[in-house]
Every structure is written in structure tokens, then in C-alpha cells.
Amino acid sequence: MPALGPVKYLTIHCAATPEGRHVTHEQITAWDKAKFGQTSYHWVIEVDGSMHRTLRDDQKGAHVGKANTGNIGVCYIGGMDKAMKAPKDTRTDAQKKTLLTLIQTYKERYPGIVIRGHRDWPGVNKACPGFDGPAWLKKTEAGAGNW
């Protein structure tokens, strides 16, 4: 597994799975290994809010094209409507709480870290993570920070 390099970014993703479908972190990892030849994310947040480490912080994932160096990837299960026709913020309250905990942890661990949604990266034309990160984060105790 390639080395991550100094941590500068935390990128939020959705799994692009239908609302309400229980998908495990093991399934996400298996899909990523089949598609990219490796694990993509450092953390996967399941529908019940449980968080699962899938890469160490010193390992490089495969989650933002050519921008994975120094970039921690967090993926929540969901992100599409039940019919799989449109992106949707399907995060459960438990997933939101866990995501906020991870963001706060990384902001403390790596002062100055920049938090982005996948869609916030230059050249990315995706709805992922399916919600407006800066607007959501402003409403939380974490504040807008470095999103």
C-alpha cells in the first residue's frame, strides 16, 4: 500500500447506495478492490452510525482521482434515493453524529486540515457526498472551519 504523505485534507464521500439499504464496510472495501485494485477509504460509516477503519492514516486510499496524497477519505453508506435515480442526503442522525466526530477528531489531530466533499475538488463533476457540506457544518458545533 502506498504511503499517504503529510495529512492536509479530509474528503467526505457517499457510497452511492440506495437510501435505507444496509451495506457493510466489508462490501464497500470489496467493491473498491474489484474496481480500483485497493481499498479506497480510511473510514466507512454504516447506516447505524458505526464507523469502521479500512485504512490506516499513513496509507494512501483511492478516493479522489489523482488527489489522494495527504488525503483522508471518509465514506458514508447511502447517498442515493431509494430508486437509485437521484443523489440524496440519506445520512441518518447516527451517521451525521459519527461524521461530525470524525471531522472534529481530524481537525484536532491535524490543525489546518481542509475538509471537502468529493464534489468540492477541482475537476470533479459528481454530486458526492450528496449534501452541501459547508452549510451542514456551519449548523454544527464544529462550525465551518476549513471546509
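Below, each value reflects all heavy atoms present in this structure, side chains not excepted, and no hydrogens, waters or symmetry copies.
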Enquirer: To the nearest 0.5 Å, tell me how far Asp93 CG sits from Lys96 NZ.
Expert: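 Going from CG on Asp93 over to NZ on Lys96, the span is 5.5 Å.
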
Enquirer: Let me confirm one number: the CD1-CD1 distance from Ile103 to Ile113, rounded to the nearest 0.5 Å.
Expert: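 One gets 9.5 Å once the value is rounded to the nearest 0.5 Å.
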
Enquirer: Taking C-beta and beyond as the side chain, do Thr69 and Lys60 meet within less than 4.5 Å on heavy atoms?
Expert: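 Thr69 reaches Lys60 side chain to side chain.
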
Enquirer: Please report the shortest heavy-atom distance between Gly65 and Asn68, naming the atom on each side.
Expert: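 Smallest heavy-atom distance, with atoms named: O-ND2, 2.8 Å.
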
Enquirer: Run Gln95 and Ile77 through side-chain contact (heavy atoms from CB on, under 4.5 Å) and show every step you take.
Expert: CA-CA 9 Å; Gln95 285 176 308; Ile77 302 300; 4.0 Å; yes

Enquirer: Report the distance from atom NE2 of His25 to atom CG of Asp32, rounding to the nearest 0.5 Å.
Expert: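 Between His25 NE2 and Asp32 CG, I get 12.5 Å after rounding to 0.5 Å.
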
Enquirer: Could you give the distance from CD (Glu46) to OG1 (Thr98), rounded to the nearest 0.5 Å?
Expert: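 Here the rounded value is 10.5 Å.
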
Enquirer: Looking at every heavy atom in both Arg56 and Gln59, which two are closest together, and how far apart are they?
Expert: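 So the minimum-distance heavy-atom pair works out to N-OE1, 2.8 Å.
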
Enquirer: Hey, which of Asp89, Ile12, Leu100 is the one that makes side chain to side chain contact (heavy atoms under 4.5 Å, CB included) with Trp136?
Expert: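 Among Asp89, Ile12, Leu100, the one that satisfies the side chain to side chain contact (heavy atoms under 4.5 Å, CB included) with Trp136 is Leu100.
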
Enquirer: Is the closest side-chain heavy-atom distance between His63 and His118 below 4.5 Å?
Expert: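 Result no, sub-4.5 Å side-chain heavy-atom pair not found.
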
Enquirer: I'd like to know if the side chain of His42 reaches the main chain of Gly73, judged simply by a donor and an acceptor atom lying under 3.5 Å from each other, with no hydrogens or angles considered.
Expert: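 Checking the backbone N and O of Gly73 against the side chain of His42, a donor-acceptor pair under 3.5 Å is found.
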
Enquirer: Could you go through Trp31 and Val23, starting from their C-alpha distance and side-chain angles, then the distance that decides it, and tell me whether this counts as side-chain contact (heavy atoms from CB on, under 4.5 Å)?
Expert: CA-CA 11 Å; Trp31 295 342; Val23 175; 3.7 Å; yes

Enquirer: What closest approach, in Å, do Cys14 and Cys128 show between heavy atoms, and which atom pair accounts for it?
Expert: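 That closest heavy-atom pairing would be N-SG, 3.3 Å.
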
Enquirer: Would you say Arg21 has more than 12 foreign heavy atoms packed within less than 6.0 Å of its CZ?
Expert: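 At most 12 heavy atoms, drawn from other residues, nucleotides or ligands, come within 6.0 Å of this atom.
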
Enquirer: Quick check: are there more than 12 heavy atoms from other residues, nucleotides or ligands sitting under 6.0 Å from NZ of Lys126?
Expert: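 Atom NZ in Lys126 is not packed in, count stays at 12 or less.
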
Enquirer: List the steps, then state whether side-chain contact (heavy atoms from CB on, under 4.5 Å) holds for Asp132 with Arg119.
Expert: CA-CA 9 Å; Asp132 182 341; Arg119 70 185 189 182; 3.6 Å; yes

Enquirer: Under 4.5 Å between any side-chain heavy atoms of Thr54 and Ile28, yes or no?
Expert: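 No, every pair of side-chain atoms sits at 4.5 Å or beyond.
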
Enquirer: For residues Val47 and Ala94, report the shortest heavy-atom separation together with the two atoms involved.
Expert: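 Where Val47 meets Ala94 most closely, the heavy atoms are O-CB, 4.5 Å.
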
Enquirer: Is the backbone of Thr24 close enough, under 3.5 Å, to the side chain of Gln27 for a donor and an acceptor to pair up by distance?
Expert: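 Pair found, side chain donor or acceptor close to backbone of Thr24.
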
Enquirer: Does a side-chain heavy-atom distance below 4.5 Å link Lys8 with Val114?
Expert: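 Not touching, per the 4.5 Å side-chain cut-off.
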
Enquirer: Can you find a side-chain donor-acceptor pair between Thr11 and Asn71 that sits under 3.5 Å?
Expert: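 There is such a pair between these side chains.
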
Enquirer: When rounded to the nearest 0.5 angstrom, what distance separates OG1 in Thr39 from CZ in Arg53?
Expert: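 The distance works out to 12.5 Å.
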
Enquirer: For Ala15 and Cys75, which heavy atoms make the closest approach, and how far apart are they?
Expert: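 Distance-wise, the nearest heavy atoms are N-SG, 3.5 Å.
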
Enquirer: Looking only at atom types and distance, does a side-chain atom of Thr101 sit under 3.5 Å from a main-chain N or O of Lys97, one as donor and one as acceptor?
Expert: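 Yes.
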
Enquirer: Taking the side chain as C-beta and beyond, is there a heavy-atom pair between Val44 and Met51 under 4.5 Å?
Expert: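 No; the side chains remain at least 4.5 Å from each other.
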
Enquirer: When you look at Val64 and Tyr9, which way does the side-chain contact (heavy atoms from CB on, under 4.5 Å) test go after all the steps?
Expert: CA-CA 11 Å; Val64 184; Tyr9 302 99; over 6 Å; no

Enquirer: Answer yes or no: is there a side-chain heavy-atom contact under 4.5 Å between Glu19 and Lys88?
Expert: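 In short, these two side chains touch, coming nearer than 4.5 Å.
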
Enquirer: Does one side chain, of Tyr76 or Trp43, offer a donor that lies under 3.5 Å from an acceptor on the other?
Expert: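 No, no side-chain donor-acceptor pair sits under 3.5 Å.
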
Enquirer: In terms of hydrophobic clustering (I, L, V, M, F, W, Y; side-chain heavy atoms under 4.5 Å; direct or indirect links), are Met80 and Ile45 co-clustered?
Expert: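 The answer is no; the residues belong to distinct hydrophobic clusters.
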
Enquirer: Assess the pair His13 and Tyr41: is the distance between their ring centroids shorter than 6.0 Å?
Expert: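 Yes, close enough.
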
Enquirer: Rounded to the nearest 0.5 Å, how far apart are CG of Leu102 and CD1 of Ile115?
Expert: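 The CG atom of Leu102 sits 10.0 Å away from the CD1 atom of Ile115.
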
Enquirer: Any donor-acceptor pair under 3.5 Å linking the side chain of Ser40 with the backbone of Ala62?
Expert: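 Such a contact is found between Ser40 side chain and Ala62 backbone.
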
